[in-house]
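Working notes for the structure below.
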Amino acid sequence: MANDPISQFNIKELIPLEIGATNISFTNSSLFMVATVVVTSAFFMWATSRRGMIPTRAQSFAETTYEFVANMLRDAAGSDGMRFFPLVFSLFLFILVINMFGMFPYFFTVTSHIIITVALALLVFFTVIAYGLYKNGLGFFKLFVPSGVPGFVLPLVVLIEIISFFSRPISHSVRLFANMLAGHITLKVFAGFIVSMGSIGAVGVVGAILPFLMTIGLTALEFLVAFLQAYVFTLLTCMYLNDALHAGDH
Amino acid sequence: MTDKNSNTKAASGKDLDQRLAEMNKRLGRDVQNEEKKANSASDRNGFGNAFKLSSEFISAILVGAILGYGIDWLVGTKPWAMILFLLLGFVAGVLNVLRASGELSGGYDLKASQQNDPEDKT
């Protein structure tokens with residue numbers, strides 16, 4: 001294992017595949033995405049297989065997760081937002097489990113690649129546009145025309161609202177990606193200090209206690225960030241879906 | 001009657017502080033340290049907040065610049081649309097930040113909407 005903090009993000013081709021000139025190899029990134037989907041679905045199938053009035057531990061965990069996401073969606077987008085529940089729930093679990101997988105040593109963190117987070121953010125973005133146009137028709141564009149703005153500044157305000165709208169997928173994706181990337185680099189850098197200080201000698205070994213404590217603290221913080229970023233991503237998704245649902249009625 | 005009441009109140013207020021301090025001591029609670037811990041938690045929260053707000057701000061500027069550049073490329077008015085949209089991007093960034101920090105929750109200022117109400121067809 002290389003000692004620099006960036007090499008953990010290298011993509012390795014596990015099963016090289018090529019169709020025409022396009023490289024569609026099965027990489028370590030794909031492996032962890034598949035693992036995430038398999039583990040998540042397997043857990044929920046297992047947890048809900050023996051449904052009882054008195055839930056088992058697994059069933060109660062599954063129900064709590066369901067309630068957590070359902071309440072988030074209901075609060076942000078109202079009860080007719082529940083039609084997007086499958087999307088929102090899948091997004092939340094996918095990101096959460098990927099982030100948690102990334103916390104295992106030697107595991108690959110899929111969300112530390114911006115292409116993944118951009119793809120997820122654009123999925124939400126286009127869902128909002130497509131459903132907003134389908135449900136509200138041209139009324140969807142009222143999203144860009146806030147009510148109660150005097151006529152002479154309206155063109156400016158509309159332009160600003162449009163820019164603000166298009167900036168959403170960027171901030172949506174960059175936030176998740178940068179948090180995961182920065183967190184994992186910091187963790188690796190501090191863990192690297194332990195090794196390089198320990199190789200100096202007795203003084204170094206004693207001094208290495210400091211970065212070791214720091215690494216422990218950072219690991220706990222990273223778990224918090226891994227959960228929080230999945231939560232924030234889902235919450236923003238709910239808020240954007242709210243715009244698609246209620247664009248017409250200002 | 002009232003005098004006596006307020007007197008006892010004041011006395012009990014003084015008493016309460018003393019008793020609270022005594023109880024904390026008995027329970028071995030370190031109030032000052034707890035406050036410090038809460039502060040460090042809010043620092044971490046502040047870092048997340050700073051990250052959130054800056055990404056909102058920068059993304060709007062980027063989108064403004066890209067939109068402006070695209071329009072320039074299409075219409076052939078080299079720097080002008082980009083300059084205009086970059087500035088609009090800054091404005092949109094400020095709007096994003098205000099929305100993200102909850103200063104402005106989507107709605108616009110009440111006075112303006114009341115003035116325009118008759119024309120408002122929404």
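Just so it is clear: chains get the letters A, B, ... in the order the sequence lines come, proteins before strands, and each one is counted from 1.
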Enclosure of B:L74 CG (heavy-atom neighbours >12, cutoff 6.0 Å)
yes
Pairwise distance CG(B:L62) to CD1(A:I163) - rounded to 0.5 angstrom:
11.5 Å
Closest non-hydrogen atom pair, B:A92 against A:S164
CB-N, 3.9 Å
Is it true that, when you exclude A:M103 itself, more than 12 heavy atoms of the residues, nucleotides or ligands shown sit nearer than 6.0 Å to its CE?
yes
Heavy atoms of other groups near A:F61 CZ, more than 12 under 6.0 Å:
no
Given heavy-atom pairs under 4.5 angstrom as the criterion, report whether the side chain, backbone, both or neither of B:F57 touches chain A.
neither
Distance-only side-chain donor-acceptor flag, B:N96 / A:S171, under 3.5 Å
no
Taking atom CG of A:L159 and atom CG of B:L84, what is their separation to the nearest 0.5 Å?
7.5 Å
Quick one: does B:V63's side chain get under 4.5 Å of A:F165's, heavy atoms only?
no
Heavy-atom count check: over 12 atoms from other residues, nucleotides or ligands less than 6.0 Å from A:F9 CZ?
yes
Considering only heavy atoms, which portion of B:L88 lies under 4.5 Å from any heavy atom of chain A: side chain, backbone, both, or neither?
both
Has A:L154 got more than 12 heavy atoms of other residues, nucleotides or ligands less than 6.0 Å from its CG?
yes
Over 12 foreign heavy atoms within 6.0 Å of OH, B:Y69
no
